[in-house]
Amino acid sequence: MFHVVFADVIIETVTGFLGLLCVFTILIALGVDPRPADAMTAISGDLAAICFGIGIGTINVETVAFFPAWIMGYQL
């Protein structure tokens with residue numbers, strides 16, 4: 001089960017960074033400077049969001065394993 005969660009984390013993280021890269025590319029093409037004022041704060045915020053998503057996702061995976069109806073309630 002762990003390998004499925006880990007693979008999903010990798011896929012979602014790479015997809016998010018590719019989306020960010022696309023947005024940055026479009027902004028640069030339009031002549032806008034998309035760089036944050038403090039790069040370390042931006043990186044820290046992104047890593048915090050990734051860790052939060054991993055935690056919530058792991059809790060939901062384990063909860064659904066014992067209570068299959070949990071996914072319906074979580075989506076609502």
Report all side-chain donor-acceptor pairs from residues 9-30 shorter than 3.5 Å, counting only partners two or more places apart or in another chain.
| unit_1 | atom_1 | unit_2 | atom_2 | d |
| --- | --- | --- | --- | --- |
| T13 | OG1 | V9 | O | 2.7 |
| T15 | OG1 | I11 | O | 2.7 |
| T25 | OG1 | L21 | O | 2.7 |

Determine all donor-acceptor pairs shorter than 3.5 Å in which one atom belongs to a side chain in residues 67-74; sequence neighbours excluded.
| unit_1 | atom_1 | unit_2 | atom_2 | d |
| --- | --- | --- | --- | --- |
| W70 | NE1 | N60 | OD1 | 2.8 |

**Q.** Residue pair P36 / A39: nearest heavy atoms and the distance that separates them
**A.** CG-CA, 4.1 Å
Q.
Restricting to side chain to side chain donor-acceptor pair (under 3.5 Å), what partner residues turn up for T41, sequence neighbours left out?
A. D38
